[in-house]
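Structure first, then comments.
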Amino acid sequence: MTRLLPVLTVVGAILLLWYAATVWLNAPWARDQAARAEATLTLPALVADTMTQDRPVLPAPHQVGAELWKTVAATKVTSKRSLVWHGWVTLSATAVGFLLGSGAGILLAIGIVHSRAMDLSVMPWAVASQTIPILAIAPMVIVVLASVGVTGLLPKAVIAGWLSFFPVVVGMVKGLRAPDAMQIDQMRTWTATPGQMFWKLRLPASVPWLFASLKVSVAAALVGTIVGELPAGATAGLGARLLSGSYYGQTVQIWAALVAAAVLAAALVGLVGLIERRALRRMGMAR
Amino acid sequence: MSPVIAAHGLNLTYETRDGPVHALKDVSLSVGKGEFVSFIGPSGCGKTTFLRCVAALEQPTSGTLTVNGMEPDAARRARAYGYVFQAAGLYPWRTIAGNIALPLEIMGFPKPERAERVARVLKLVDLEGFAAKFPWQLSGGMQQRASIARALAFDADILLMDEPFGALDEIVRDRLNEELLRLWAATGKTALFVTHSIPEAVYLSTKIVVMSPRPGRITDVIDSPLPRDRPLDIRDTPEFIAIAHRVREGLRAGHGDAD
């Protein structure tokens with residue numbers, strides 16, 4: 001209860017601001033319509049109108065809620081109109097991309113820590129890869145992979161991996177270098193092999209760093225997948241919902257997809273956090 | 001009997017941007033089996049550097065150094081020594097037993113023997129019952145005892161200790177000094193002990209090596225006339241005070257001609 005109250009307070013404040021913004025942003029359209037009909041709106045009528053428009057500039061929370069209810073609970077999950085189905089399409093590509101990206105990130109970090117040449121050569125490229133706008137590179141990845149016959153989930157996963165490997169590289173390099181000179185000297189006094197140094201010292205020492213970066217990386221993978229769903233007229237996934245919503249001015253649909261993406265991101269980060277707590281407790285590092 | 005550690009004309013020079021630094025200059029010393037030798041001196045006198053040379057963590061620039069009659073590197077591979085650092089350096093993700101077993105795993109001891117050795121050294125340092133605890137559940141003094149146990153676990157006959165109790169308070173330090181003496185008497189190890197504390201050096205040692213900085217060198221070697229069996233209150237006897245006085249004089253002299 002003590003933890004719930006602050007959360008509810010913040011949620012309440014956000015809803016309040018949202019409703020205020022709804023009235024403010026949708027009022028011009030309502031006034032416009034009224035002027036054309038040569039009618040004048042009373043304040044209560046104006047407020048009511050701003051919350052019931054078909055294509056509002058900003059849909060009211062309850063409109064988004066109704067859309068979510070309609071597309072999540074009241075539609076069969078196998079239907080193409082179901083947000084659950086679209087969410088699943090996005091989630092599966094996100095999961096594959098996250099595994100690809102974080103796997104690549106861990107391997108790159110191991111290389112960077114163990115090889116001076118890789119340290120000097122890989123890191124600038126990793127940084128450069130993240131400075132290229134993902135919106136520019138995503139269509140090219142889709143097109144190039146489609147031309148060699150790879151379509152569907154994998155191209156999106158590649159874009160997700162593109163975004164998600166970087167936080168893992170940075171976090172893991174830091175984590176693998178976390179052991180200090182004394183700990184390394186200590187291993188040397190036992191004539192430890194490089195392999196033992198890695199498995200018994202560097203890798204376990206990097207675990208807290210790994211999880212911190214995995215949380216960033218899983219959220220980035222979701223963004224990557226959604227961006228990957230935008231080009232080439234994808235028909236499935238939350239990104240496709242965003243795109244078709246913007247084609248047809250269906251702002252309610254866009255916001256419903258946004259909320260679904262946010263919930264998905266929160267769930268993914270929460271899941272990584274849960275695994276983190278479990279792992280650290282088993283390693284005796286959670287107090 | 002041949003000495004356990006023999007150094008002749010040992011020099012170690014670091015090249016730095018401000019020119020060469022003489023960490024060790026013409027250090028000659030011999031340590032016999034079962035001795036407890038303390039190295040005392042201000043920062044930069046080379047006491048830790050000497051210990052690191054013995055452990056083959058540093059390479060002397062010139063001179064000869066043998067450990068158990070071997071090159072330091074070969075001695076290390078033959079598990080000649082256990083090294084205790086200033087910080088306990090226990091891995092937070094391993095239990096106390098797991099930490100003590102770590103060098104045994106690295107050296108390839110079979111599992112049943114590891115468990116048996118861990119139990120034995122835990123008993124030796126009075127930490128039975130803490131095997132399954134994680135390091136953060138132990139006090140600083142207990143952690144350092146665990147790190148000594150770890151250094152003893154693989155039966156090296158030399159114990160190298162670099163200010164192991166430097167970060168602990170006086171009361172804990174006194175108790176650990178007493179325990180260390182008991183341990184040393186019980187195991188018959190040769191001990192090399194770096195310290196900043198004159199009472200600690202005099203209380204523990206059969207031989208005290210006084211060093212001074214710039215360049216790091218030995219200014220005095222004192223063979224202690226104190227008996228091997230030492231209660232804590234031996235520190236109030238005239239003999240003890242006389243040795244402490246000589247150490248202090250040595251430190252002062254070393255400082256005087258360096259500045």
Side-chain angles (χ1 to χ4, degrees), chain A residues 102 105-106 109-110 113-114 116 168 171-215 272-287, chain B residues 48 51-59 67 72-109 132-138 147 150-151 153-154 156 158-164 167:
Chain A
S102 44
I106 291 170
I110 292 169
V113 168
H114 287 93
R116 174 123 181 91
V168 177
M172 269 308 262
V173 166
K174 190 93 178 154
L176 290 172
R177 284 185 178 150
D180 58 25
M182 191 208 82
Q183 285 178 305
I184 289 164
D185 277 346
Q186 201 174 49
M187 283 299 239
R188 287 174 61 199
T189 66
W190 302 323
T191 326
T193 63
Q196 289 168 329
M197 189 89 91
F198 176 76
W199 289 106
K200 294 192 187 293
L201 176 59
R202 289 193 191 277
L203 193 65
S206 73
V207 168
W209 302 86
L210 174 63
F211 276 109
S213 47
L214 285 184
K215 281 190 211 167
V272 174
L274 199 72
I275 298 169
E276 173 184 34
R277 267 208 300 286
R278 282 268 177 94
L280 291 187
R281 192 171 307 143
R282 272 196 65 176
M283 292 176 76
M285 295 206 275
R287 307 208 173 163
Chain B
T48 295
L51 216 60
R52 289 175 64 86
C53 286
V54 174
L57 291 173
E58 304 274 356
Q59 204 58 45
V67 180
D73 211 45
R76 166 162 82 197
R77 282 196 297 276
R79 297 170 200 165
Y81 69 86
Y83 203 112
V84 180
F85 289 85
Q86 178 163 14
L90 302 171
Y91 292 3
W93 56 86
R94 282 176 174 252
T95 60
I96 297 304
N99 267 291
I100 295 172
L102 177 64
L104 303 176
E105 286 171 27
I106 287 170
M107 294 167 182
F109 285 85
K133 295 268 191 263
F134 281 102
W136 59 271
Q137 295 171 299
L138 269 63
S147 107
R150 182 179 52 189
F154 47 93
I158 306 169
L159 200 51
L160 304 176
M161 287 172 284
D162 187 3
E163 294 189 58

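Predicted model, so just to flag it, every value in this text is computed and none were measured. In what follows, every chain begins at residue 1, and chains take the letters A, B, ... in the order their sequences are listed.
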For A/Met187 and B/Ile106 the tightest heavy-atom approach is SD-CD1, 3.5 Å

Bottom line for B/Arg79: the part with an atom under 4.5 Å from chain A's heavy atoms is neither

Rounded to the nearest 0.5 Å, the CD atom of A/Gln186 sits from the CG atom of B/Leu90 at a distance of 8.0 Å

Minimal heavy-atom distance between A/Thr191 and B/Arg77, with the atoms involved, is CG2-CG, 3.8 Å

Q | Heavy-atom neighbours of B/Gln59 CD exceed 12 at 6.0 Å | A | no

When rounded to the nearest 0.5 Å, the distance separating CZ of B/Arg76 from CZ of A/Arg188 is 5.5 Å

Rounded to the nearest 0.5 Å, the CZ atom of B/Phe85 sits from the OG1 atom of A/Thr189 at a distance of 5.5 Å

Whatever's closer than 4.5 Å to a heavy atom in chain B on A/Leu201 counts as both

Closest non-hydrogen atoms of A/Lys200 and B/Tyr91, given as atom of the first, atom of the second and distance, are O-CE2, 3.4 Å

Looking only at B/Gly82, B/Ala156, B/Pro103, the option with the highest number of non-hydrogen pairs under 4.5 Å against chain A is B/Pro103

Heaviest contributor of heavy-atom pairs below 4.5 Å to chain A, chosen from B/Arg52, B/Gln86, B/Arg94, is B/Arg52

Whatever's closer than 4.5 Å to a heavy atom in chain A on B/Ala56 counts as backbone

Under 4.5 Å to a heavy atom of chain A? For B/Ala88 that would be backbone

Value for CZ (B/Arg150) from CH2 (A/Trp190), rounded to nearest 0.5 Å, stands at 4.0 Å

Closest heavy-atom pair, B/Phe134 versus A/Arg282, reported as atoms and distance to 0.1 Å, is CZ-O, 4.4 Å

